[in-house]
Amino acid sequence: MTLNRRSFLATIPAALALPRVARAADAGIEVYLDEPIGTISSRLHGQFVEHIGGVVYNGVWVGPDSKVANINGIRKALVDAMKPIGSTVVRWPGGCFADSYDWHDGVGPRASRPRRANFWTDVGRLKSLPQSTPSKNDPNEFGTNEFMQFCRLIGAEPYIAANLRALPAKDFYQWIEYCNSPADASTLGKLRASAGDIEPFRVRFWGVGNESWGCGGEMTAAEYSVEFRRFTAWVPNYPNTPLSFVASGPNAGDPRWTREFFSAIAAKNPDLFNRIWGWALHYYCGTIGKGDSLNFSTEEAYELLRSADRMEGLVRQTWDIMGETDRQHKVKLVVDEWGDWHNDDTAVAPHHLFGSIPTMRDALVAGLTLDTFHRHADKIAMANVAQLVNNIQTLFLADGDRFAVTPTYYVFRMYKDHREGQSVRAQFSAPAIGYAFDGKNQHVVRLAGSASVASGRLTLTAVNNSVTDALETTIQLRGGSAKEARGEVLTASDIHAHNDFANPEAVKPGPLTVEAAGGSLRVKIPAASVVKIQADLG
Ligand code: AHR
């Protein structure tokens, strides 16, 4: 292998390449404006809404008769809060729930819909709650039409996960028919129209099972490849609605699952790669059984950030394995579950399974992860944070008429400006953070980020993982110069800072001073912060 100077430098650890003594700044960022990676799809900023805990009932859905302000049953505060971040794509109804869900239960007159045991009915704190709890036994008030209404209200594309474990393929075809058939073309189209939705929903994205290696059927990859083919062969198509199928991919990058599935597809017929739009990778970092969402040490914070940063390697590894057989990379990656998973927090309502109160630490995880997706804009076609409200890496806390946005919400809002921009290569250099954990010396990246260009404007986002040290940072623009620059920062004096119902504005973004001087910018990036820097390019 021959290396040019730039790729040689990229192989040197940041601490060696940029000795502190040789620089006036603590950190350096080089942005290569003429080295495009790919367009950052808006869909990389998607969310996930599962019928789990407090996500749907008491989260998205309060019901039309609720005292809580709502739009036909959908929580108005949530719709209003989504407007500034402009949602892009929402995955529903699960997760593990999807492979137990019969979509027929959630259509037709609401009053006559059945109540069914939820997949999660006996998990964790739900176990001891009354049977009337909607997250234990689903009243099916929120079904396909209600989900579609929610998508319309927040301007998102729908992405529906179909049941591959517990229902036959026929029910999948019929769900597509219900959603996409013209009203006068079929009985199911007519049923949809009778609920007021005369125009087809035109749902393009369909997940074919979920975690089929686990809750979605405990299959081998070879078994799943057969089921995937069977479910997606001869699916009904409707006018102006191309279908894009997402296959159930690996748990945290499990190389075997990806290799076996792709080999089985290639062995049958490599043309079948044209039928797979996305390969769903799931990865959660978190502190389950190892810590607490609100109380944690600096070392525990670094350990979590290190595990969040694994996403980079998982994306590369999974992509490379896909390419062993899908040589032209027809199939793209879809990270349709990611997030920062903590133990249930007792401050959260007991029926909000997997609910905790996110802190600034979780905002750093969100920034690290979204930046990773941007850097791999050529590989990743969609991503969905788990989950939108009251669950895992939530953007919102909601309970009755109380509502708050989390620090993670603000990261999505700040990062919005990357959408549909051209991701360009950027090199972030700062000494790694060393710390001791469980008797071992560990390192976590100190400064990471991504850069994109759209309409003559550079957007650069970055995360400073250091809990203690701000970083004086010089940003060199290679292949352009900056006329004017400005910034925004999300930080707090304490990494444990969070928003809750009592104090909903403890953490929110503020302005950040950026100095522009031709080909370079200078900025001080506070400790434990997420920053956005924008510059008009000359
Ligand atoms: O997001 C919560 C659960 O985590 C999902 O239902 C499942 O797919 C994953 O294991």
Side-chain angles (χ1 to χ4, degrees), residues 46-57 59-60 89-101 116-126 134-136 138 142 147 159-166 205-219 224 228 246-254 257 278-289 293 307-308 310-311 314 318 333-345 348 351-356 358 362 365-366 369 382-396 406 408:
Q47 288 87 29
F48 176 29
V49 166
E50 176 169 8
H51 288 239
I52 183 173
V55 179
V56 170
Y57 301 106
V60 175
V89 58
V90 179
R91 178 177 186 240
W92 173 83
C96 294
F97 176 85
D99 275 294
S100 65
Y101 179 60
R116 303 261 188 230
N118 184 292
F119 173 88
W120 301 100
T121 189
D122 272 335
V123 176
R125 291 193 292 166
L126 284 179
S135 45
K136 268 184 86 66
D138 196 311
F142 190 85
F147 170 62
Y159 166 27
I160 294 184
N163 183 339
L164 181 102
R165 169 171 61 80
F205 298 108
W206 293 87
V208 186
N210 169 75
E211 298 191 352
S212 302
W213 37 265
C215 62
E218 298 181 4
M219 292 177 228
Y224 175 63
F228 177 86
V246 178
S248 171
N251 182 18
D254 172 7
W257 179 264
W279 180 240
L281 163 71
H282 288 184
Y283 176 59
Y284 289 99
C285 59
T287 60
I288 302 233
S293 64
S307 93
R310 267 190 75 203
M311 185 66 89
L314 295 175
T318 310
L333 269 169
V334 167
V335 188
D336 60 11
E337 287 187 27
W338 67 269
D340 188 350
W341 199 327
H342 304 292
N343 292 328
D344 287 21
D345 197 311
V348 166
H351 58 288
H352 290 186
L353 186 68
F354 308 148
S356 59
D362 303 289
V365 169
T369 307
M382 191 198 289
N384 307 78
V385 64
Q387 300 199 12
L388 180 68
V389 47
N390 287 336
N391 188 273
I392 311 182
Q393 176 124 18
T394 185
L395 276 65
F396 304 104
T406 67
T408 294

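We count ligands from 1, going down the list as the structure has it; atoms in each ligand are counted the same way. Here, residue 1 is the first one in the sequence, and each next residue gets the next number.
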Novice: Tell me the contacting part of Trp338 for ligand 1: side chain, backbone, both, or neither, using a 4.0 Å heavy-atom threshold, strictly below.
Specialist: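 The answer is neither.
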Novice: For residues Trp120 and Phe354, establish whether the separation of their ring centroids is below 6.0 Å.
Specialist: yes
Novice: Here's a test for you: under side chain to side chain donor-acceptor pair (under 3.5 Å), which of Asp340, Asp345, Asp344 qualifies with Ser293?
Specialist: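 Among Asp340, Asp345, Asp344, the one that satisfies the side chain to side chain donor-acceptor pair (under 3.5 Å) with Ser293 is Asp345.
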Novice: Give me the residue, atom name and distance of the protein heavy atom closest to atom 8 (O) of ligand 1.
Specialist: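 Minimum-distance protein heavy atom for atom 8 (O) of ligand 1 reads Glu337 OE2, 2.7 Å.
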Novice: Looking only at side chains, do Asp336 and Tyr159 share a donor and an acceptor under 3.5 Å apart?
Specialist: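 Per modelled atom types, Asp336 and Tyr159 side chains form a pair under 3.5 Å.
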Novice: Does the N or O separation between Cys215 and ligand 1 drop below 3.5 Å for any pair?
Specialist: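 Between Cys215 and ligand 1 (N or O atoms, distance only) the closest approach is not under 3.5 Å.
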Novice: Rounded at 0.5 Å granularity, tell me how far CD in Gln393 sits from NE2 in His342.
Specialist: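 The distance works out to 7.0 Å.
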Novice: May I ask you to list the atoms of ligand 1 that are less than 4.0 angstrom from any heavy atom of Phe48?
Specialist: 1 (O)
Novice: Which ligand 1 atoms, with their elements, are less than 4.0 angstrom from a heavy-atom of Glu211?
Specialist: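 The atoms of ligand 1 under 4.0 Å from a heavy atom of Glu211 are 7 (C), 8 (O), 9 (C), 10 (O).
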Novice: Using a strict 4.0 Å cut-off to heavy atoms of Ile392, name the atoms of ligand 1 that fall inside it.
Specialist: 1 (O), 2 (C)
Novice: One residue to check: Asn210. Relative to ligand 1, which of side chain, backbone, both or neither has a non-hydrogen atom less than 4.0 Å away?
Specialist: side chain
Novice: Please check whether His282 reaches ligand 1 - meaning an N/O of the residue sits under 3.5 Å from an N/O of the ligand, judged on distance alone.
Specialist: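 No.
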Novice: Using a strict cut-off of less than 4.0 Å between a Lys/Arg side-chain nitrogen and an Asp/Glu carboxylate oxygen, indicate whether Arg91 and Glu50 qualify as a salt bridge.
Specialist: no
Novice: Given the side-chain rings of Trp92 and Phe147, with only the six-membered ring counted for Trp, is the space between their centroids under 6.0 Å?
Specialist: yes
Novice: Determine, using heavy atoms of Tyr284 and all atoms of ligand 1, whether some pair is separated by less than 4.0 Å.
Specialist: yes
Novice: I need the contact type for Trp120 against ligand 1. Using non-hydrogen atoms and a strict under-4.0 Å cut-off, is it side chain, backbone, both or neither?
Specialist: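 Under 4.0 Å from ligand 1, Trp120 contributes side-chain atoms alone.
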Novice: Check each atom of ligand 1 against the heavy atoms of Gln387 and keep those under 4.0 Å away; list them by number with element.
Specialist: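 Result: 1 (O), 2 (C).
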Novice: Quick check: does Glu50 get an N/O under 3.5 Å from an N/O on ligand 1?
Specialist: yes
Novice: Is the side chain of Asn391 donor-acceptor paired with the backbone N or O of Leu353 at a distance under 3.5 Å, no angle test?
Specialist: yes
Novice: Within a strict 4.5 Å, meaning less than it, do heavy atoms of the Arg125 and His352 side chains meet?
Specialist: no
